[in-house]
Amino acid sequence: MAKTEAKDLRREQLVMKGFLAAVAMLGCAASGADAQVVRVADLNTAQIRALDRARTVVILPGGMLEEHGPYLPAYTDGILSDRLTQEIAQAVAARKPGWQVLVFPQLPVGASGSNELGGQFIFPGTYVVRPSTLRAIYMDLASELGDQGFRWIMVVHVHGAPLHIRALDQAGDFFHAAYGGRMVNLWGLLPVLSGWGNAMVAAMTDAEKKEDGVSLHGGSDEHSLMLHLRPDLVAAGYKQAPAVAGATMAESFSMAKAPGWPGYLGSPRIATAALGQKIWTAFSAAAIDHTLKILDGADPSQFQRYADLLEKNPLYQGWINATAARDEQLEGKEREWLRRPK
Ligand SMILES: [Zn+2]
């Protein structure tokens with residue numbers, strides 16, 4: 001090799017080295033935010049020990065199998081929870097430098113499917129645990145995390161049944177009392193839900209609102225959200241779906257009692273991906289905003305709880321009583337089996 005060739009090669013190598021270093025730095029910068037978001041399932045004991053407890057927020061994403069009628073998948077609420085978890089994690093990483101987000105695997109259990117609205121406890125697509133079981137799962141996890149020094153926990157579980165929300169709220173209150181930290185059921189906070197509701201009010205015409213009625217479950221909102229997030233999972237028949245909607249809450253509750261009720265309340269046919277995007281953007285922003293406020297030190301008790309509001313409504317009170325009675329009845333049945341003479 002001639003001397004000049006060697007020189008050229010050397011220069012080329014140096015250029016290449018510089019280029020690779022620049023790429024590596026860029027890579028670090030690009031993954032800087034991502035590196036703050038870690039999945040607990042991927043970590044070993046040394047990595048978990050090394051997490052700064054004062055600046056680590058644990059996200060416990062829930063999900064559930066719950067019927068949403070003939071056009072939406074049973075895991076609709078789980079899909080929404082998963083997406084919300086990702087958006088909250090990225091927002092914390094971007095806006096809280098020095099913090100880590102520790103994401104847990106999604107727990108696909110929830111309580112009290114909306115098919116219980118009209119007392120229909122058995123429905124294809126709904127596979128729930130009792131509210132007391134759900135509470136125990138989250139209280140147990142609260143103890144595990146609290147005993148390991150974690151102090152910031154966000155529960156992301158998009159489902160609106162009163163005893164489901166209450167169970168998660170109670171687990172958070174237990175964590176606060178036992179460990180002094182914060183464990184917040186985000187969906188249980190009224191101002192977070194208002195992001196969803198306000199976007200609907202602003203985006204829908206009066207005629208659409210009338211047709212959607214008092215949509216308590218699987219209405220144009222959830223069909224729109226799924227058309228926005230997972231259109232591949234929305235059955236095409238939604239476009240011809242009849243509206244099943246009461247003009248009042250009482251009417252909607254009684255419709256859900258009827259034999260042959262399709263499992264939704266509202267008007268799927270007026271759903272659009274554009275409406276879904278509006279609802280999602282506002283809802284996600286409200287959830288992120290409250291997460292950041294709480295991590296910045298806001299006392300979550302200043303935010304009104306959805307479960308408190310629901311409990312005051314006699315229609316929901318009937319649902320709560322029926323679900324609580326069934327919870328006890330099932331527990332009795334299970335205990336009796338365990339105590340059986342062997
Ligand atoms: Zn749902």
Side-chain angles (χ1 to χ4, degrees), residues 60 62-68 76-78 80-81 84 107 109-123 125-139 155-174 183-197 213-219 221-222 246 248-257 261 263-266 283 286-287 290 300-301 303-331:
L60 289 181
M64 72 183 286
L65 289 162
E66 177 198 26
E67 68 80 14
H68 276 71
T76 292
D77 290 5
L80 302 181
S81 299
L84 192 60
L107 295 174
V109 283
S112 203
S114 296
N115 43 290
E116 296 177 5
L117 269 165
Q120 305 201 41
F121 284 94
I122 310 300
F123 216 102
T126 293
Y127 308 97
V128 290
V129 297
R130 291 180 281 126
S132 59
T133 307
L134 185 74
R135 183 172 53 228
I137 291 169
Y138 279 82
M139 284 177 83
V155 176
V156 179
H157 210 319
V158 179
H159 173 56
L163 285 184
H164 170 99
I165 301 169
R166 183 58 87 206
L168 298 176
D169 287 348
Q170 287 170 327
D173 292 345
F174 164 73
M183 175 170 168
V184 180
N185 171 29
L186 278 172
W187 174 261
L189 303 179
L190 200 58
V192 172
L193 287 183
S194 299
W196 177 316
V214 180
S215 159
L216 299 169
H217 174 59
D221 54 351
E222 282 190 282
T248 63
M249 201 177 268
E251 263 179 50
S252 284
F253 265 84
S254 71
M255 278 175 164
K257 281 195 180 84
W261 173 60
Y264 65 86
L265 288 163
F283 170 53
H290 284 78
S301 69
F303 306 121
Q304 200 189 343
R305 284 186 173 177
Y306 188 39
D308 292 342
L309 194 77
L310 295 179
E311 273 175 13
K312 286 185 198 134
N313 185 314
L315 287 163
Y316 276 90
Q317 196 61 61
W319 180 3
I320 289 167
N321 293 342
T323 300
R326 190 163 186 271
D327 186 326
E328 268 183 46
Q329 181 210 331
L330 262 173
E331 182 174 0

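Here, residue 1 is the first one in the sequence, and each next residue gets the next number.
In this structure the side chain of Leu309 reaches within 4.5 angstrom of the side chain of Leu190, judged on heavy atoms. Using a 4.5 Å cut-off on side-chain heavy atoms (C-beta onward), Lys257 and Gln120 make no contact. Counting only heavy atoms from C-beta outward, the side chains of Leu84 and Phe283 approach each other to under 4.5 Å.
Scored by the side-chain contact (heavy atoms from CB on, under 4.5 Å) test, Asn313 finds Met249, Leu315, Tyr316 as partners (sequence neighbours excluded). Not counting sequence neighbours, Ser254 has no partner by the side-chain contact (heavy atoms from CB on, under 4.5 Å) test. Evaluation of the salt bridge (charged side-chain N to carboxylate O under 4.0 Å, His left out) rule for Arg130 yields Asp327, Glu331, Glu334 as partners, not counting sequence neighbours. For the side-chain contact (heavy atoms from CB on, under 4.5 Å) test, residues two or more places apart in sequence or in another chain that qualify with Leu189 are Val184, Leu186, Pro191, Val192, Ile294, Phe303.
Each of Leu134, Asn185, Asp169 was scored for a side-chain contact (heavy atoms from CB on, under 4.5 Å) with His164, with one residue passing: Leu134.
In terms of heavy-atom proximity, Ser81 sits nearest to Gly62 at CB-O, 3.1 Å. In terms of heavy atoms, Ser215 sits closest to Asp221 at OG-OD1, 4.1 Å.
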task: Show your working on side-chain contact (heavy atoms from CB on, under 4.5 Å) between Val155 and Trp187 and close with a plain yes or no.
output: CA-CA 8 Å; Val155 176; Trp187 174 261; over 6 Å; no

task: List the steps, then state whether side-chain contact (heavy atoms from CB on, under 4.5 Å) holds for Val214 with Glu251.
output: CA-CA 8 Å; Val214 180; Glu251 263 179 50; over 6 Å; no

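Listed by first then second residue, pairs satisfying side chain to side chain donor-acceptor pair (under 3.5 Å) with a partner in residues 109-119 read Glu66-Ser114, Ser112-Glu116, Ser112-Trp319, Ser114-His217, Asn115-Thr126, Glu116-Trp319, Glu116-Thr323, not counting sequence neighbours. Within the structure, salt bridge (Lys or Arg N to Asp or Glu O under 4.0 Å) contacts touching residues 310-326 (residues at least two apart or in different chains) are Arg166-Glu311.
When the shell of 6.0 Å around CD of Glu328 is examined, it contains 12 or fewer heavy atoms from other residues, nucleotides or ligands.
Of the possible donor and acceptor atoms, none in the side chain of His68 sits under 3.5 Å from a partner among the backbone N and O of Glu222. Although no hydrogens or angles enter the test, the distance criterion places a donor-acceptor pair under 3.5 Å between the side chain of Tyr127 and the main chain of Gly125.
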